[in-house]
Amino acid sequence: MGAIDCPYYNCAARLFHSSVCVTAHTSHEFGVCINKSLRFTLRSCQLDQKRDCKEPQCSIKRLALPCKATSHAVESISLSPIISERNAEKDVLAALEAIVDPDLGMSIVSCGFVKDLKVDEAVGQVSFRLELTTPACPVKDDFEQQAKERVAILPWVKDVNVTMSAQAAKPVFGENMPRGLQNVSNIIAVSSCKGGVGKSTVAVNLSYSLAGMGAKVGIFDADVYGPSLPAMVSPELCILQMVPETKSIIPTEYLGVKLVSFGFTGQGSAIMRGPMVSGIINQLLTTTEWGELDYLVIDMPPGTGDIQLTLCQVIPLTAAVIVTTPQKLAFVDVAKGVRMFSTLKVPCIAVVENMCHFDADGKRYYPFGRGSGRQVVQQFGITHLFELPIRSNLSSSGDTGKPEVVNDPVGDVAKIFSDIGVCVVQECAKIRQQVVTAVTYDKRIQAIRVKVPGSSEEFLLHPATVRRNDRSAQSIDEWSGRQLLKYTDVPEDIEPTSIRPMGNYAVEISWSDGFHQVAPFDQLQAMERLVDTSSCDTQWKH
């Protein structure tokens with residue numbers, strides 16, 4: 001005969017005790033049963049020959065243990081159960097589910113931000129790490145505070161330790177990037193398509209604002225004819241270095257921001273024809289060892305010619321920031337640039353209207369008129385508009401080699417550039433999320449889900465339909481246009497094995513038959529679609 005002494009500490013332990021007692025009545029090897037089925041343990045629960053259970057809720061007084069059980073004493077079972085820990089982890093994750101990323105529209109748990117979760121329910125300790133998409137996240141302090149507060153209100157929690165980190169810099173489409181850019185997360189074009197509007201001023205101050213937010217940043221001056229970067233920053237080493245073995249370029253640095261410009265080659269401004277300039281731009285950008293960067297800001301040259309097209313085709317730009325001035329003439333040129341980016345599937349995320357106004361005698365004056373920036377926003381549907389004032393120090397800082405946001409980091413101008421930086425961080429996060437989730441395969445219904453970036457519409461495509469609509473040279477004769485791929489060549493049950501983004505305009509799909517297909521979003525939108533019915537079946541849409 002034996003008895004169980006069970007001083008339990010919570011309801012879960014009591015419930016478990018009841019199940020153990022029932023198991024003991026039905027098992028011939030009670031001790032073995034406990035050792036095998038117990039994933040967690042209950043402190044000070046001992047099997048002996050004398051004492052009955054002192055737990056008030058326990059109705060089991062004495063157990064008969066036949067066979068081998070009498071020779072197997074359960075000495076001690078710990079109160080740090082794996083099952084209990086799992087429940088505690090669920091409690092913590094449930095509390096964190098309430099914290100929603102305002103840019104992605106999902107909880108930080110669904111986004112996969114919660115890492116290294118450790119729970120010790122016995123002493124009430126919880127620790128975890130929040131890994132954000134960028135170190136420049138404007139709401140990282142809010143996330144940290146909310147995480148601590150929401151976990152701390154759990155009844156068993158006594159101490160919460162939250163650490164913050166960011167994902168390593170990596171582009172969404174790294175496999176399609178030149179070697180030197182494969183660790184650059186976002187590439188931002190600052191463009192105006194017109195000279196003299198302050199585009200370089202915006203590009204440099206935006207870069208140092210992002211760096212001040214904690215991001216790793218680089219600046220590429222793409223103007224070979226009139227490079228501005230050497231005059232706007234003051235690096236100790238003003239000449240680019242080259243690694244002889246790899247022929248790669250090492251960027252110079254100023255205040256932690258990496259810099260590359262034709263002006264740092266020691267050759268001044270270029271006097272050469274367009275094709276040569278495009279080649280130089282390509283070489284400077286793609287052979288530079290940029291290392292890990294969260295943002296590479298490209299100071300685009302004026303116009304919409306060879307250099308601009310080369311840049312947009314060589315590298316997948318994440319987004320563009322448009323710089324203009326209040327004059328109507330500036331709007332005409334800026335509109336051309338916005339249309340160029342639209343054609344190349346580069347989203348324009350903000351308009352910066354420079355030299356808008358100045359304040360004097362308690363009044364605000366607009367010497368160049370008003371409305372150019374607002375007109376760009378309204379006509380092209382760009383959400384964010386920022387107005388920069390006319391300030392002598394903003395202009396002079398560009399001549400002294402020290403950006404204004406560095407010279408006066410708490411001033412009004414720095415605050416505006418900080419707001420532009422927050423906009424860039426938030427919009428890039430949205431774009432990356434849209435690109436990654438634009439085309440996915442739903443194995444449950446055997447259909448490809450498509451939601452083109454910038455569109456609210458989601459639709460379904462049959463995998464075989466997508467495969468049959470390939471427009472490469474392997475499927476269509478380039479000279480005659482004759483269809484080479486026959487309908488019966490593609491089985492109805494074909495499935496994609498992987499889907500990878502290719503910039504903001506297409507995806508690369510690898511198929512189960514070994515074929516690799518580039519599918520532009522425009523082409524996917526034109527294909528015959530499936531309808532997802534309420535019963536999760538699919539049928540052809542006529």
Side-chain angles (χ1 to χ4, degrees), residues 85-119 121 126-154 157 160-174 185-186 213-215 294 318-319 347 349 383 422-460 496 498-501 504 507 532 536:
E85 286 183 4
R86 289 176 180 171
N87 291 335
E89 289 181 1
K90 289 180 181 179
D91 289 344
V92 173
L93 293 176
L96 296 175
E97 277 280 357
I99 305 174
V100 177
D101 187 298
D103 303 321
L104 305 180
M106 298 187 297
S107 74
I108 61 174
V109 177
S110 301
C111 291
F113 293 168
V114 182
K115 306 289 186 181
D116 303 332
L117 175 58
K118 296 180 181 178
V119 174
E121 188 179 5
V126 177
S127 66
F128 55 89
R129 177 169 56 90
L130 293 182
E131 184 183 71
L132 306 180
T133 56
T134 170
C137 177
V139 293
K140 58 185 176 184
D141 293 336
D142 293 337
F143 279 167
E144 183 177 5
Q145 181 180 353
Q146 288 188 56
K148 287 181 178 179
E149 291 176 351
R150 292 188 178 278
V151 175
I153 62 176
L154 294 174
V157 174
V160 182
N161 181 26
V162 181
T163 57
M164 306 297 293
S165 66
Q167 297 173 5
K170 186 177 181 181
V172 175
F173 13 79
S185 292
N186 303 280
M213 296 167 66
D294 298 299
T318 306
I349 57 177
T383 307
V422 169
C423 170
V424 168
V425 171
Q426 293 176 331
E427 292 300 319
C428 285
K430 292 178 184 177
I431 291 169
R432 287 172 65 90
Q433 180 67 17
Q434 290 174 353
V435 169
V436 169
T437 60
V439 182
T440 58
Y441 180 59
D442 192 333
K443 195 172 183 65
R444 178 179 59 88
I445 59 175
Q446 297 182 332
I448 294 176
R449 291 188 178 273
V450 182
K451 188 175 182 180
V452 175
S455 171
S456 59
E457 179 189 24
E458 183 179 79
F459 55 90
L460 300 175
S498 67
I499 300 177
R500 295 180 295 276
N504 297 317
V507 291
D532 190 6
C536 297

Listed once per pair and sorted, the salt bridge (charged side-chain N to carboxylate O under 4.0 Å, His left out) pairs that draw on residues 144-153, sequence neighbours left out: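 Salt bridge (charged side-chain N to carboxylate O under 4.0 Å, His left out) check on residues 144-153 returns E144-K148.
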Nearest 0.5 Å please: distance from the [atom1] atom of [X] over to the [atom2] atom of [Y].
| X | Y | atom1 | atom2 | result |
| --- | --- | --- | --- | --- |
| F113 | D101 | CZ | CG | 5.0 Å |
| I499 | R449 | CD1 | CZ | 12.0 Å |
| I99 | C111 | CD1 | SG | 11.5 Å |
| E121 | D91 | CD | CG | 7.5 Å |

Decide yes or no on side chain to side chain contact (heavy atoms under 4.5 Å, CB included) for S185 and Q167, but give the supporting numbers first. CA-CA 10 Å; S185 292; Q167 297 173 5; over 6 Å; no
With sequence neighbours excluded, what pairs up with N161 under the side-chain hydrogen bond (donor to acceptor under 3.5 Å, both in side chains) test?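 For N161 there are no side-chain hydrogen bond (donor to acceptor under 3.5 Å, both in side chains) partners, ignoring immediate neighbours.
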Name all residues meeting the side-chain contact (heavy atoms from CB on, under 4.5 Å) criterion together with S498; count only those two or more places apart in sequence or in a different chain, and write none if there are none.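 Only R500, S510 meet the side-chain contact (heavy atoms from CB on, under 4.5 Å) criterion with S498.
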Contacts of Q433 meeting side-chain contact (heavy atoms from CB on, under 4.5 Å) (sequence neighbours excluded), chain-then-number -> L104, M106, T437
Please identify each residue that fulfils salt bridge (charged side-chain N to carboxylate O under 4.0 Å, His left out) with E97, with sequence neighbours left out.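 Partners of E97 under the salt bridge (charged side-chain N to carboxylate O under 4.0 Å, His left out) test: none.
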Compare every heavy atom of [Y] with every heavy atom of [X], then report the nearest pair and how far apart it is.
| X | Y | value |
| --- | --- | --- |
| V507 | P501 | CG1-CA, 4.1 Å |
| G105 | V100 | C-CG1, 3.9 Å |
| T318 | C428 | CG2-SG, 4.0 Å |

So do the side chains of I349 and I431 get within less than 4.5 Å of each other, counting heavy atoms only?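 They are in contact (side-chain heavy atoms under 4.5 Å apart), so the answer is yes.
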Does any non-hydrogen side-chain atom of I445 lie less than 4.5 Å from one of L460? yes
For residues 127-143, tabulate all N or O donor-acceptor pairs below 3.5 Å that involve a side-chain atom, not counting sequence neighbours.
unit_1	atom_1	unit_2	atom_2	d
R129	NE	D116	OD2	2.9
R129	NH1	E131	OE2	3.3
R129	NH1	S165	OG	2.9
R129	NH2	D116	OD2	3.1
T134	OG1	A136	N	3.1
T134	OG1	Y295	OH	3.3
K140	NZ	P135	O	2.7
K140	NZ	M213	O	3.3

